[in-house]
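For reference, the structure discussed in these notes is given below.
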Amino acid sequence: MPHVDIHYFACPVSDVAKEAIAQTITAILSKELNCGEEVISVALCPQVPEHWQQNVYQPLITAQKDKLIKFPNY
């Protein structure tokens with residue numbers, strides 16, 4: 001706890017970028033949720049753009065509007 005899934009259009013992400021993403025998100029969550037960095041997990045979930053609406057937008061954004069703390073503008 002906590003766990004973060006990051007869904008994005010599939011593209012190459014270097015190991016350096018992955019580490020930077022993990023470190024940045026981990027630091028923010030640790031500070032703001034007052035938990036140790038060792039309990040945080042982060043996953044990158046690449047998505048094919050053609051399946052974004054079906055796999056991400058509908059089930060994770062539209063259906064969970066009440067849980068979102070930032071809503072996309074598209």
Side-chain angles (χ1 to χ4, degrees):
M1 118 63 204
H3 174 75
V4 177
D5 286 327
I6 301 171
H7 297 268
Y8 62 99
F9 284 175
C11 65
V13 180
S14 71
D15 289 342
V16 171
K18 289 176 185 178
E19 185 62 29
I21 292 166
Q23 286 181 0
T24 301
I25 290 171
T26 298
I28 291 168
L29 291 177
S30 178
K31 177 184 176 199
E32 299 300 334
L33 298 180
N34 195 31
C35 62
E37 291 187 359
E38 70 278 0
V39 301
I40 297 168
S41 56
V42 180
L44 291 179
C45 307
Q47 301 290 322
V48 177
E50 298 81 35
H51 298 152
W52 184 262
Q53 289 289 326
Q54 173 187 332
N55 294 344
V56 179
Y57 192 76
Q58 292 299 326
L60 301 176
I61 297 173
T62 303
Q64 298 186 47
K65 284 195 273 198
D66 58 321
K67 296 178 185 177
L68 291 181
I69 58 174
K70 176 164 182 332
F71 200 80
N73 187 21
Y74 57 83

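In what follows, every heavy atom counts, from backbone to side chain, and hydrogens, waters and symmetry copies are set aside.
The side chain to side chain contact (heavy atoms under 4.5 Å, CB included) search around Glu50 returns Val48, not counting sequence neighbours.
Legend: ring-ring contact (aromatic ring centres under 6.0 Å, His included) pairs involving residues 11-30, not counting sequence neighbours: none detected. Applying the ring-ring contact (aromatic ring centres under 6.0 Å, His included) rule to pairs touching residues 50-74 yields Phe9-Trp52, Tyr57-Tyr74, sequence neighbours excluded. The ring-ring contact (aromatic ring centres under 6.0 Å, His included) pairs that include a residue from residues 24-48 number zero, where partners must be two or more places apart or lie in different chains. Sequence neighbours left out, the pairs with a member in residues 10-28 that pass side chain to side chain donor-acceptor pair (under 3.5 Å) are Glu19-Gln23.
Residues Val56 and Leu44 do not share a hydrophobic cluster, defined by chaining ILVMFWY side chains whose heavy atoms lie under 4.5 Å apart. Linking Ile, Leu, Val, Met, Phe, Trp and Tyr whenever their side-chain heavy atoms come within less than 4.5 Å leaves Leu68 and Leu29 in two separate clusters.
Within the 4.5 Å cutoff, the side chain of Pro46 has heavy atoms near those of the Tyr8 side chain.
Within the model, atoms CD1 of Ile6 and CD of Gln47 stand 12.5 Å from one another, a figure rounded to the nearest 0.5 Å.
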Using distance only, find each side-chain donor-acceptor pair of residues 31-42 under 3.5 Å and give its atom names and separation, not counting sequence neighbours.
{"unit_1": "Ser41", "atom_1": "OG", "unit_2": "His3", "atom_2": "ND1", "d": "2.6"}

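No donor-acceptor distance shorter than 3.5 angstrom exists from the side chain of Gln58 to the backbone of Ala63, with no hydrogens or angles considered.
The number of heavy-atom neighbours closer than 6.0 Å to CG of Asp66, taken from other residues, nucleotides and ligands shown, is above 12.
Closest approach of Leu60 and Asn55 over heavy atoms only: CD1-O, 4.1 Å.
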